[in-house]
Amino acid sequence: MSAASDNRWFGDLLLSWYAENGRQLPWRETHDPYKIWISEVVLQQTRVEQGLPYYLRLTNRFPTVADLAEAKEDEVLKYWQGLGYYSRARNLHAAAKHVCNNLNGHMPATYEGLKALKGVGDYTAADIAALAYGLPHAAIDGNGYRVLARVFGINTPIDSTQGKKEFARLGAELVSTDNPGNFNQGLMDLGATICTPQNPQCDNCPLSGKCYALANKQWQQLPVKEKKTKVHDRYFYYFQITLPDGRIIANQRKGKDIWTGLFDFPMIENATELEQKDLFAGKDFKALRKRMKGLSVVKEGKSIKHQLSHQTLHATLFFCTATAATLKDCEQAVTAGEFDELAIPRLIELLREKEDP
DNA sequence: AAACCGGGGGC
DNA sequence: GCCCCAGGTTT
């Protein structure tokens, strides 16, 4: 008896549960690999509730891979604004152009072909292959790791190289060859709605009778994760500089830091919190003042704190006027209304909401 | 192997 | 305050 038939119960229970309890989502009503691809990238590290409106707007504006390929990157980023992990949008756009320029506009139809696309890794390639083409590839995401670790009592860390191999092997063994798409979707839905990180609903789980973690009261210990990310503080001091003609200075961020390519205001970063007098006495502020002739600070806006996964951003916005400006480097002046149309970091949106009416 | 890349929500 | 989310790329 092969290992696959030993574990047939898993796929059988999962698929019958999914048939009754699966969520109805727009990308499940199509086999269009392009639209499935969009949904996959939007939903990387993103909850369905958060990603859904972005998926709908993107597929409405860019219904085909050619529509996406022909767009400017600025517009693609604008449709991504607020979703985070902006390299996803750049990779998606670059890959769409690659499909149109080098693959005759046809999406790859194999796991290997899909994985070769920018921004498509093991998980995404496997899920598109299963959903669009019915190929028997298991797509193990964070939900899948949790379900498998609990049901089979696997304590290998899910973020280790060995763990990834072990779970991939198990997934390949379990995946339904009849309906790999529904197998993958069912595994995710089960993890997202029943086998949740906290307070799993084991009473409603189709696998409860076979679950190691439930039988051994281990669900709080599984899955095992070894890396702890630590959060550090950053202090951003922004200057919204209004020119005599009413325009304001915008700054396009460069380098490999957060929000690369997006727009914010001229700013000074310091490793520690600064008093206003120390900030204004600093050489960075003097350099800014030199570029902006007649720069004067009208008022200080409220400070806000913006919590991210790996850093805590502390931001203060100063409202300024300048009688004249020397526009250099990446800086440019835009009207206030135009600025709102740019892909601006969430932090700036929050600061502007604090602006007095 | 570890670090980096966002924003939102649950508890 | 900590953890997690339909992960992938870079160093």
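Keep in mind that the numbers below use all heavy atoms, side chains included, and drop hydrogens, waters and symmetry copies. The sequence lines fix the lettering, A, B, ..., with proteins before strands; numbering per chain opens at 1. In this text the structure is predicted, and so the values were computed from the model without any measurement.
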List every contact pair, protein side and nucleotides 7-11 of chain C side both N or O, where the distance is under 3.5 Å.
residue : atom : partner  : partner atom : Å
C/dG7   : OP1  : A/Gly142 : N            : 3.2
C/dG7   : OP2  : A/Gln45  : N            : 2.8
C/dG7   : OP2  : A/Gln45  : NE2          : 3.1
C/dG7   : O5'  : A/Gln45  : N            : 3.4
C/dG8   : OP1  : A/Gly121 : N            : 2.9
C/dG8   : OP1  : A/Thr124 : N            : 3.0
C/dG8   : OP1  : A/Thr124 : OG1          : 2.6
C/dG8   : OP2  : A/Tyr123 : N            : 3.4
C/dT9   : OP1  : A/Gly119 : N            : 2.8
C/dT11  : OP1  : A/Lys256 : NZ           : 2.2

>> So, OP1 or OP2 of B/dG7: does either fall under 4.0 Å of a side-chain N or O from A/Trp259?
In response: yes
>> I want to check one thing: is the phosphate of C/dC5, taken as OP1 and OP2, less than 4.0 Å away from some side-chain N or O of A/Arg146?
In response: yes
>> Once you apply a heavy-atom cut-off of 4.0 Å, does A/Asp257 come out as touching a base, just sugar-phosphate, or nothing?
In response: sugar-phosphate
> Across the strands shown, which category fits A/Leu308 at heavy-atom distances under 4.0 angstrom: base, sugar-phosphate, nothing?
Replying inline: base
>> Both atom distances under 3.5 Å, Watson-Crick or G-U wobble: I'd like the secondary structure of DNA chain B as a dot-bracket string, with | for pairs made across strands.
In response: |||||.|||||
>> Regarding A/Asp284 and A/Tyr237, do their side chains bring together a donor and an acceptor under 3.5 Å, going by distance alone?
In response: no
>> Just by distance, no angles: are the side chains of A/Thr242 and A/Thr321 close enough, under 3.5 Å, to form a donor-acceptor pair?
In response: no
> For A/Tyr54, is the NZ or CZ atom of A/Arg57 found under 6.0 angstrom from the centre of its six-membered ring and inside 45 degrees of the ring axis?
Replying inline: yes
> Is the number of heavy atoms from other residues, nucleotides or ligands under 6.0 Å of A/Glu20 CD greater than 12?
Replying inline: no
> side chain to side chain donor-acceptor pair (under 3.5 Å) with A/Tyr18: which residues, sequence neighbours excluded?
Replying inline: A/Arg28
> Expressed in whole Å, how much space separates the P atoms belonging to B/dG6 and C/dT11?
Replying inline: 15 Å
>> Please compare A/Gly82 and A/Ser160 by the position of their nearest nucleotide in DNA chain B and report the one closer to 5'.
In response: A/Ser160
> Mapping A/Lys228 and A/Leu83 to their closest nucleotides on DNA chain B, which lands nearer the 5' end?
Replying inline: A/Lys228
> Quick one: which of A/Arg90, A/His93, A/Arg88 gives a side-chain contact (heavy atoms from CB on, under 4.5 Å) with A/Trp80?
Replying inline: A/Arg88
> Just how far is it from atom CD1 of A/Ile38 to atom CH2 of A/Trp27, taken to the nearest 0.5 Å?
Replying inline: 12.0 Å
